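Working notes, structure below.
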Amino acid sequence: MGFHRINLTVNGEMEQVDVTGYMTLLDMLREKLVLTGTKNGCAAGECGACTVMMNGEPVNSCLVLAVECDQALIVTVEGLARDTQLDPIQKAIMDAGGVQCGYCTPGVLIASRALLDRNPDPSESEIRAALVGNLCRCTGYIRIIEGVQEAAKM
Amino acid sequence: MVVSETKPNPVGESKPRLDAREKVTGAAIFGDDIQFGNALLHARILRSPHPHARIISIDTRQAEALPGVKAVVTGKGFPGYIGLYLLDRHIFCRDRVRYVGDPVAGVAAISEAIAEDALELIEVEYEILKPVIDPEYGVSSEATLIHPELDQYQVASFILPQPNSNISNYFKIRKGDVDSAWDNCAAIVERKYRIPHIQHVPIEPHVAVAQVDASGGITLWGSSQSPFAQRNLIAQALGISQSDMRVIAPYVGGGFGSKAGVSMESLAVAIATKVKGRPVKLLLTREEEFFTAFVRQGLIAYFKMGCDGDGNLLAMENKFYWDSGAYTEYGVNITRASGYSSSGPYEVPNVKTDSYCVYTNHPVGGPMRGVGMPEMHAGLEQCIDELAQQIGMDQVEFRRINCVKEGSILVTGGKMHPTGLLQCLEKTAEAIGWGHKAEASAANKRRGKGLALMWKAPAMPPNAGSSAWVELAEDGRVTVGVGGQDLGQGSFTVAAQMAAAALGVPYEWVRVATPLDTRYSPYEWQTVASRLTWSMGNAVVNAAKDARQQILEMTAEAWDEDLENLDILNGMVVSYKSEREIPLENIVIYGLPKADDQGWIGGPVIGRGKFMPDYVTGLDPETGQGERAVVHYTTGAQAVELEVDLDTGQIEILRGAAAFDVGKAINPELVRAQIEGGFVQGMSSALFESLNLKDGYVQNPSFVDYRIATSSDVPGGIQSIIVEVPQDDGPWGARGVGEHSMVPTIPAIANAIYDAVGVRFDGPPFTAEKVYLTMLEAGIVK
Ligand code: FES
Ligand code: FES
């Protein structure tokens, strides 16, 4: 089986990983780097649980091949907080009660962070549109949306 | 000084979730996150391609020969039966497959890809049998028997299978005299509804890892609502001791009932027994998740109800055909629950109900949030609206007259306990602005309001038990042991609040012993039925009180004081008499010097507590009548305002309001989160969801074809109202609310659609297409 050696930055750390041609970014993060915060909900690009930031853009990591990530900058949920200092989006969604089972949460946080990075003051409908690919079965989204609004004010 | 401070009580305060920080940082460990290293094997399952067939032969030789394959397992080595109430299935099929997806063989290999390849090499010869795909047909004598051995299965005493039929449970209500009551009715409504199968759709798919140790002990790690039930049922099926079966249950990424009881977990365990020592992981694909674990069973429901000219309900005659699918892990009890709750939250003097649980060649029906109540209320609460309209009475007024109040005679003959249902009704009606019709937002839209009531009791055996322990460390901090799971509803947080309040320490001092582990965690029946706050809560309170008592008795003796004068406040033992005080730290481990200073007393403190209801009586099998059918009912109301787009048929939910009588909100924000989340899940089931089955085959097992509500579908606001009429057997008066919030949503929406455009449907989902075509047929649009 052919392996490819790739170099990339994940949550600020330089990583060198050997991956097969068909390994996804999701599997590489979870299996090779043991960053299990990023979740697998469908492996088909339909639920958003696996959302990570790739070069500043949110992507479904289950649809990205690891080999495409050579020289990429990746941020996962584990990379949001600085030491013990939570990112405002983490704190806001937590305080708003936007976390129940927590399985969608990593993807929701990354998608929201990416939204706020490109649009620091989003309208409610912009927030809804940015999160439409992140399925949550527990919260009914209302508190997640409130959390993003709060984070925008922080 | 401490003594004069008011006693802090975290119960009733919206304390932050214990698990939130772990969950927002990616640190929370779910089943698929546990690391097993290179020894880990991956399992895949060969599933039946037919809805109903006899297995003639299975040839696994080629699959076994594939390099990388470590074991191929079939039903051959596993003759035991498994089932929660009715033991009606084997771990792997042995002689017959009963639904598309039924497990026929399992492969463990060094990679998922190799396991998948090996499945292709297994040859199975089937003899196709005629499937049963309609529960109403299923009860007829012409229908093929799906379980010819039904009369030999082991079954719980309160479940009544009918031999030589496809009926796995038959529950009856015979109250009063329905037949002669119809003559006194001024109005009668008769309707039939079809509630489709749906799926729970937890965002985390089912996962299980099993490993057998050198002495034959089995460990199962899984995403589980029921570690103790899994221990019991899997051990029984394998014929091993429960003590040799250990279940470890980390965080659950959503369950809603799908991860209760045993579904796919026993497959991983069976395979693990053939690869001695190596852990075996089975992770369901999203496609498998849609139909091979559990689904919410379908329902065909007939309602007939009548009232007199003043709006008093006089009679109801209901018939339920539950499409339980191929096996009935929970279906039999859903059938029973819908029977003993079949009047809805109303006092009706004459009731006749027949509730059938019917085997079909469909996916297996499991419990889903509300266990039968959303399906039953979907039709019932529309009939109530129609009946009120027929006699020209306002629907809220009609409900006010008829809804159960304290002392009402219930459908099962007993008396209703104190309930805030009337308050829920009034507050919800007020919140939605009942009686005021607002203008639609555009000329091509019509606006409507709808309301529905609900009730639901925990559906469980009469003696489902809970236990808990409370342990203190040197620093006085507290660890609570529970066996109930936190699926996101916040049960760990609530357990910590209760322990803190009952013991007398700050909430921040309490943690919960996780992950759940049947070897170390105290017993809990299952995390289902919205029973944890109430049942597990009682056990936690008892454990905390026990620890408190130990501490106070020790201090009383050491200080030579009366017990009555001592208290624990904010983590300090205090005396109201001598005004002495001492922090909990150290004394809860090392004890205290005796009063005469000659030696020590006390020692490490561990409180224990349990709770098991002992007051539920049986019901007469012929009449369904009895003193106390259930522990209690949580009641509530929900209302919506919506718009129907005449051009597209699209429904937009503008806002919602809901009130539930939770007895006591231990954590009001968590209660509101349940009310909102349930509303949206109910809304999703009303507008979008149906697992489409054609000749036994699921047509839409993916997120693309099976749509659930997204962030763009939900209303801007849901007003959640908490009503608190205390429950006599609940901690601080609390009752459960997790499931209840999605029970009245379908009929509230259906009633609002009727209010807007005057059409009704025989069942959800009220998709744009369906709404548009129905309006077209009714001549409302051209
Ligand atoms: S796991 Fe990638 S979108 Fe669902
Ligand atoms: S919190 Fe459970 S899926 Fe979003």
Side-chain angles (χ1 to χ4, degrees), chain A residues 22 30-31 34-49 76-81 84 86-87 89-109 124-125 127-145, chain B residues 14 16-17 19-30 32-35 113 200-205 251-256 283 285-287 289 486-490 669-670 672-681 683-684 702-704 708-718:
Chain A
Y22 53 80
R30 291 183 52 84
E31 289 163 23
V34 200
L35 290 169
T36 55
T38 305
K39 302 302 181 203
N40 173 4
C42 70
E46 293 158 9
C47 75
T76 72
V77 65
E78 290 96 338
L80 286 177
T84 60
L86 294 182
D87 184 281
I89 190 66
Q90 290 173 304
K91 185 164 174 8
I93 287 197
M94 184 167 101
D95 291 350
V99 177
Q100 286 192 29
C101 82
Y103 203 77
C104 70
T105 308
V108 164
L109 291 170
E124 188 187 321
S125 59
I127 297 171
R128 285 170 179 252
L131 292 175
V132 82
N134 292 84
L135 298 179
C136 173
R137 192 57 154 170
C138 303
T139 64
Y141 304 101
I142 294 163
R143 284 160 191 264
I144 292 176
I145 296 166
Chain B
S14 295
R17 294 183 72 101
D19 53 354
R21 200 181 166 93
E22 268 178 283
K23 287 177 174 175
V24 296
T25 54
I29 297 292
F30 294 81
D32 192 30
D33 302 339
I34 304 171
Q35 301 298 308
H200 310 68
V201 193
I203 305 303
E204 177 202 37
Y251 281 121
V252 175
F256 316 108
L283 171 64
T285 64
R286 179 53 62 180
E287 182 181 353
E289 185 69 30
D486 197 324
L487 316 170
Q489 81 280 44
E669 279 307 308
L670 288 181
R672 287 190 193 104
Q674 286 306 301
I675 295 179
E676 287 167 20
F679 181 100
V680 171
Q681 202 170 21
M683 182 195 97
S684 186
S702 77
F703 280 134
V704 172
I708 65 169
T710 69
S711 57
S712 65
D713 299 312
V714 300
I718 295 166

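Note that the structure is a prediction, hence the values are computed from the model and not measured. Labels below follow one simple rule: chain letters A, B, ... track the order of the sequence lines, proteins then strands, and each chain is numbered from 1.
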Picking from [options], which has the most non-hydrogen pairs under 4.5 angstrom with chain A?
options                          : value
S711(B), G488(B), G716(B)        : S711(B)
P205(B), G255(B), G254(B)        : P205(B)
A709(B), A28(B), P16(B), G717(B) : A709(B)
E22(B), K23(B), R286(B)          : K23(B)

Out of [options], return the one with the most heavy atom pairs under 4.5 angstrom to chain B.
options                         : value
E31(A), R137(A), R128(A)        : R137(A)
Q100(A), E46(A), K39(A), M94(A) : Q100(A)
I89(A), T84(A), D95(A)          : T84(A)

Does any backbone or side-chain atom of [X] lie under 4.5 Å from a heavy atom of chain B? Answer side chain, backbone, both or neither.
X       : result
T105(A) : side chain
A49(A)  : side chain
L135(A) : both
V34(A)  : side chain

*Tell me yes or no: between the side chains of T76(A) and E78(A), is some donor less than 3.5 Å from an acceptor?*
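Checked: T76(A)/E78(A) side chains pair up, N/O donor to acceptor below 3.5 Å.
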Report which part of [X] has an atom under 4.5 Å of a heavy atom belonging to chain A: side chain, backbone, both, or neither.
X       : answer
V201(B) : both
I203(B) : both
S684(B) : side chain

*Let me see the working for I145(A) and E124(A) under side chain to side chain contact (heavy atoms under 4.5 Å, CB included), right down to the final yes or no.*
CA-CA 7 Å; I145(A) 296 166; E124(A) 188 187 321; 3.9 Å; yes
*Side-chain (D33(B)) to main-chain (Q35(B)) donor-acceptor, under 3.5 angstrom*: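 A pair under 3.5 Å: no.
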*Which heavy-atom pair separates G253(B) from C101(A) by the least distance, and what is that distance?*
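The pair with the smallest heavy-atom distance is C-SG, 3.4 Å.
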_Set of residues satisfying side-chain hydrogen bond (donor to acceptor under 3.5 Å, both in side chains) with respect to R21(B), sequence neighbours excluded_ = none
*asked:* With heavy-atom distances below 4.5 Å as the criterion, would you say the side chains of I127(A) and I144(A) are in contact?
replied: no
*Run the side chain to side chain contact (heavy atoms under 4.5 Å, CB included) check on T25(B) and V77(A) step by step: do they pass?*
CA-CA 6 Å; T25(B) 54; V77(A) 65; 5.9 Å; no
_Is the ring pair Y103(A)/F30(B) parallel, tilted or perpendicular, if the boundaries are 30 and 60 degrees?_
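Ring orientation, 0 to 90° scale: perpendicular.
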_Contacts of type ring pair (Phe, Tyr, Trp, His ring centres under 6.0 Å), residue F256(B), not counting sequence neighbours_ = none
